[in-house]
Protein chains: 2
Amino acid sequence: MRQKTVRANIKDVASVAGVSTQTVSRVINERPDVSPETRKRVKEVIEQVGYRPSALARSLISQRSHTLGVVIAGLKYIGPSNVLSGIASAAEEAGYSLLLKELPRFDANDIEPIFQALFSRHVDGIIWAVSEVGKNRNWVNAPPLDIEIPLVYLTMEPQKKLSVVSINNYMGGRLAASHLLEQGYRHIGHIAGPLEWWEARQRMAAWKDVLNEAGIEVQANHWVEGNWSSSSGALAVEKLFEQYPEMDSIFVANDQMALSALQVIHQKGLSIPEDIGVVGFDNIPESAYFWPSLTTVQQDQYHVAKAAVEEIIKIIESDWQGLPPTGPHTIMLEPSLVVRRSSSRLESIKLENTNNKGGGLV
Amino acid sequence: MRQKTVRANIKDVASVAGVSTQTVSRVINERPDVSPETRKRVKEVIEQVGYRPSALARSLISQRSHTLGVVIAGLKYIGPSNVLSGIASAAEEAGYSLLLKELPRFDANDIEPIFQALFSRHVDGIIWAVSEVGKNRNWVNAPPLDIEIPLVYLTMEPQKKLSVVSINNYMGGRLAASHLLEQGYRHIGHIAGPLEWWEARQRMAAWKDVLNEAGIEVQANHWVEGNWSSSSGALAVEKLFEQYPEMDSIFVANDQMALSALQVIHQKGLSIPEDIGVVGFDNIPESAYFWPSLTTVQQDQYHVAKAAVEEIIKIIESDWQGLPPTGPHTIMLEPSLVVRRSSSRLESIKLENTNNKGGGLV
DNA sequence: GTGAAAGCGCTAACAG
DNA sequence: CTGTTAGCGCTTTCAC
């Protein structure tokens with residue numbers, strides 16, 4: 001019972017204006033070779049009948065959709081949604097639309113239908129914005145279909161043959177651990193993210209390296225694995241206190257876990273940062289209002305996302321212009337440290353000097 | 001310098017299989033009227049040449065894209081991203097793709113290009129998932145273009161002629177205020193969200209009504225307006241203490257502001273919930289780990305979103321089947337109260353009885 | 001400057 | 001059961 005199309009099409013415009021469809025086409029594409037009068041008349045008719053060119057028909061013939069596929073997971077978490085926000089605004093700015101697919105899980109491996117759906121809608125490129133977790137990158141060197149379009153990955157171990165854009169998690173971990181050393185802490189524990197995650201492994205490796213370089217031996221009882229959630233953080237910190245009683249500070253792999261760590265430490269009657277220093281990772285907006293305000297590593301997801309969009313559009317445009325394909329790039333953005341109360345044992349530290357978002361209540 | 005199309009199309013399949021394109025079409029659409037042998041052969045060829053039907057071409061001819069437009073704002077906040085997550089999974093389940101547009105601001109009013117972009121890509125329906133803020137609904141009764149496709153709004157004042165899906169914010173506010181009364185608090189202050197927001201007005205109105213019904217007079221100095229952010233919450237609570245010294249509890253319009261309220265109250269040396277009770281709104285995952293854990297109103301954004309998708313798909317399918325258009329619906333989902341430590345002055349209260357997400361550390 | 005014809009990849013309608 | 005013809009809405013030759 002499909003109804004006949006109601007919206008005006010190029011033919012309607014042509015016949016009302018008394019010209020051919022080609023002429024209308026020329027007008028809407030702002031081509032030079034149309035006489036001013038004709039152009040004016042056609043434009044009026046377009047206004048009048050409310051004509052809107054069909055991007056679908058255009059894509060079909062031009063083989064370009066000006067649409068990017070975005071694959072993401074965990075939108076209910078703040079990180080991925082920041083990423084998506086960055087992708088959306090960068091794409092908008094560049095005149096591209098976004099076709100969104102959310103994976104049901106971070107380590108979903110049934111990706112073929114995803115690619116199918118995106119290909120069949122002729123996206124010009126794909127941004128794979130799912131963090132590297134477990135074996136969810138197994139397919140990258142043996143893709144499910146021939147991927148003949150640009151593909152940029154967000155947040156994964158750089159690989160020669162792939163375009164990857166990521167925050168440098170390892171450097172972030174180093175910032176955190178080094179800072180605790182500078183503050184005079186020497187027994188620095190670690191609450192890791194789930195080690196299936198590349199990001200968690202990087203942060204942990206940095207912590208180890210920094211301590212080793214300072215001549216401090218890292219032992220198996222000095223760290224515990226969490227799962228990013230606040231509840232896992234609470235369990236982890238309890239365990240850490242048990243197995244590492246000399247501990248005087250903790251580098252926690254994200255702010256959510258750090259939040260519950262703060263709470264457990266309070267309950268033990270210990271004071272922060274005097275007895276125990278705490279540093280988190282992410283700089284979620286609330287962390288400035290934790291009690292005490294949380295020192296943390298700032299990673300700018302929004303700009304990583306922008307960089308990814310810019311990269312993919314560069315590739316698309318250049319290979320549409322027949323330019324030689326630029327080889328795959330790796331782009332690593334550097335995180336920064338936001339120093340707040342939870343780690344500031346030395347009074348000389350100036351708080352919030354790396355962050356303009358308004359200070360915590362110290 | 002556009003390259004000739006590389007991907008196999010229906011003609012290629014047809015000629016390799018030695019049948020007409022029509023037969024191939026019948027096979028990919030699982031039509032019954034194809035002989036088993038032909039079907040088998042065609043399917044083999046499809047496999048072999050890696051043929052993927054073009055959704056674009058199909059949409060063009062069938063006038064259906066199986067794509068939904070989603071317009072949203074503030075993706076970097078947790079609420080909107082939860083909403084989007086719900087929309088994404090419900091759409092996926094129903095076999096629809098999503099074309100995403102993020103508005104640069106909640107009260108953006110330059111919506112015509114948004115509609116253009118969505119229409120020109122022939123979306124089957126639009127979910128307007130931007131909260132009602134200020135005058136950003138001015139256009140609903142005089143749309144920028146003829147909107148001939150289903151449109152469902154999320155989170156706005158119900159209107160007779162529109163399909164609206166929302167959490168019942170007013171009831172949420174009532175739950176919060178009533179709970180504080182039950183706990184024996186009598187001087188209940190309020191930190192409102194920005195009153196440009198419909199949701200903020202609803203929550204505030206409920207607070208007023210509940211107090212009035214209990215015979216408590218609400219005065220202008222009993223509330224302060226914030227802007228949803230933690231920093232505004234800190235300022236608001238300071239101001240509230242000044243202008244309403246007898247205050248013994250606060251209903252805060254979201255959890256972020258409640259977080260900084262807790263912090264300020266601590267700094268004043270007051271104890272929660274004994275001296276001051278606090279109730280928030282949203283139930284963000286961290287709120288169970290605030291200090292003390294936060295009583296709050298749970299609104300299930302994810303399910304609101306699902307309801308919206310189901311509603312719009314119902315409309316789409318029914319008017320594609322030529323059924324009489326079902327009139328616009330209003331769907332209101334009820335929030336629930338999650339009782340935690342920050343408001344539990346009476347010991348008899350059982351904590352966390354309405355929430356299965358694992359308790360706060362009380 | 002402008003138009004006619006062909007076709008992007010697919011499906012509806014009708015033959016046979 | 002299967003093929004032919006036409007055409008979705010647009011753009012790209014190539015005439016005139």
Side-chain angles (χ1 to χ4, degrees), chain A residues 1-43 45-46 49-66 116 119-124 320, chain B residues 1-42 45-46 49-66 116 119-122 124 320:
Chain A
M1 213 67 27
R2 167 163 75 80
Q3 37 181 324
K4 273 213 76 68
T5 175
V6 183
R7 35 205 290 190
N9 63 25
I10 198 169
K11 269 191 204 160
D12 301 331
V13 176
S15 75
V16 173
V19 298
S20 71
T21 60
Q22 326 329 316
T23 303
V24 178
S25 173
R26 283 173 186 124
V27 170
I28 60 187
N29 290 295
E30 300 287 356
R31 295 288 169 70
D33 49 353
V34 182
S35 76
E37 311 90 73
T38 311
R39 184 185 304 279
K40 180 153 176 289
R41 187 151 37 87
V42 171
K43 284 199 164 171
V45 174
I46 288 178
V49 304
Y51 166 66
R52 303 291 147 214
S54 160
L56 233 54
R58 289 174 126 165
S59 304
L60 189 58
I61 194 158
S62 68
Q63 306 288 11
R64 291 194 69 184
S65 60
H66 283 278
Q116 295 244 8
F119 282 149
S120 81
R121 283 177 173 79
H122 298 224
V123 296
D124 293 337
W320 205 77
Chain B
M1 216 65 30
R2 167 163 75 79
Q3 37 180 323
K4 270 212 79 64
T5 174
V6 183
R7 33 206 294 191
N9 63 24
I10 199 170
K11 269 191 201 158
D12 301 330
V13 176
S15 74
V16 174
V19 297
S20 72
T21 61
Q22 197 42 232
T23 302
V24 178
S25 173
R26 284 177 184 121
V27 171
I28 60 186
N29 289 297
E30 300 288 355
R31 295 287 170 71
D33 50 353
V34 182
S35 77
E37 312 90 71
T38 312
R39 184 185 304 276
K40 182 154 174 290
R41 186 152 39 88
V42 170
V45 175
I46 288 178
V49 304
Y51 166 67
R52 304 290 147 215
S54 160
L56 233 53
R58 288 173 128 166
S59 304
L60 189 57
I61 194 157
S62 68
Q63 306 289 14
R64 291 193 68 184
S65 61
H66 283 275
Q116 295 244 10
F119 282 149
S120 82
R121 284 177 171 80
H122 297 223
D124 293 337
W320 205 77

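Just so we're on the same page: letters track the sequence lines, and every chain starts at 1. These numbers were taken from a predicted model, which means no experiment stands behind them. These numbers come from the heavy atoms of this one structure, side chains and all, not from hydrogens, waters or symmetry mates.
Atom P of nucleotide C:dC10 and atom CG of B:Leu56 are separated by 10 Å, given to the nearest angstrom. A:Arg64 has its CZ atom 19 Å from the P atom of D:dC10, to the nearest Å. Counting to the nearest Å, the C1' atom of C:dT2 and the CD1 atom of A:Ile10 are 14 Å from each other. For the pair A:Arg7 CZ and D:dC8 P, the computed distance is 14 Å after rounding to whole Å. Rounded to whole Å, atom P of D:dG9 lies 17 Å from atom CZ of B:Arg121. If you take CD1 of B:Ile61 and P of C:dT11, they are 7 Å apart, rounded to a whole angstrom. Spacing between atom CZ of A:Phe119 and atom P of C:dG9 amounts to 16 Å, rounded to whole angstrom units. Rounded to an integer number of Å, the gap from CG of B:Asp33 to P of C:dT11 is 13 Å.
A:Val24 comes within 4.0 angstrom of nothing in the nucleic acid, heavy atoms only. Contacts of A:Thr38 with the nucleic acid, taken as non-hydrogen atoms under 4.0 Å apart, involve only primed sugar atoms and P, OP1 or OP2.
The 5' end of DNA chain D is approached more closely, in terms of each residue's nearest nucleotide, by B:Arg26 than by the other of B:Leu60 and B:Arg26.
Of all nucleotides listed (C:dG9, C:dC8, C:dT2), C:dC8 comes nearest to the side chain of B:Lys11. Set against D:dC10, D:dC8, C:dG9, the side chain of B:Gln63 has D:dC8 as its closest nucleotide. Across C:dC8, C:dG3, C:dT11, the shortest atom-to-atom separation from the side chain of B:Asn29 is found for C:dT11.
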| task | In sequence, state the C-alpha distance, the side-chain angles, and the governing distance for B:His66 and A:Arg121, and then conclude on side-chain contact (heavy atoms from CB on, under 4.5 Å). | result | CA-CA 11 Å; B:His66 283 275; A:Arg121 283 177 173 79; 4.0 Å; yes
| field | Test log, rule side-chain contact (heavy atoms from CB on, under 4.5 Å), inputs B:Val49 and B:Asp12 | value | CA-CA 8 Å; B:Val49 304; B:Asp12 301 330; 5.7 Å; no
| request: Go through the steps to decide whether B:Arg26 and B:Val19 satisfy the test side-chain contact (heavy atoms from CB on, under 4.5 Å), and finish with yes or no. | output: CA-CA 11 Å; B:Arg26 284 177 184 121; B:Val19 297; over 6 Å; no
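At D:dC1, none of the side-chain N or O atoms of B:Ser35 fall inside 4.0 Å of OP1 or OP2 (strictly under the cut-off). For the OP1/OP2 pair of D:dG3 and a distance below 4.0 Å, the side-chain nitrogens and oxygens of B:Ser20 include at least one atom meeting the criterion. Note on A:Arg58: every side-chain N or O is 4.0 Å or more away from OP1 and OP2 of D:dG9. An OP1 or OP2 oxygen of C:dA12 is reached within less than 4.0 angstrom by a side-chain nitrogen or oxygen of B:Arg31. Distances shorter than 4.0 Å separate some side-chain N or O of A:Thr23 from OP1 or OP2 on C:dG3.
Nearest heavy-atom pair across A:Arg31 and A:Arg39 is O-NH2, 2.6 Å. In terms of heavy-atom proximity, B:Leu60 sits nearest to A:Ser54 at CD1-OG, 4.5 Å. Taking all atoms of both residues into account, the shortest heavy-atom contact from B:Ala17 to B:Val45 is CB-CG2, 3.7 Å.
Looking at A:Arg39, its side chain has no donor and acceptor atom pair within 3.5 Å of the base of C:dG1. Contact of A:Gln22 with C:dA5 (side chain to base): a donor-acceptor pair of N or O atoms is detected under 3.5 Å.
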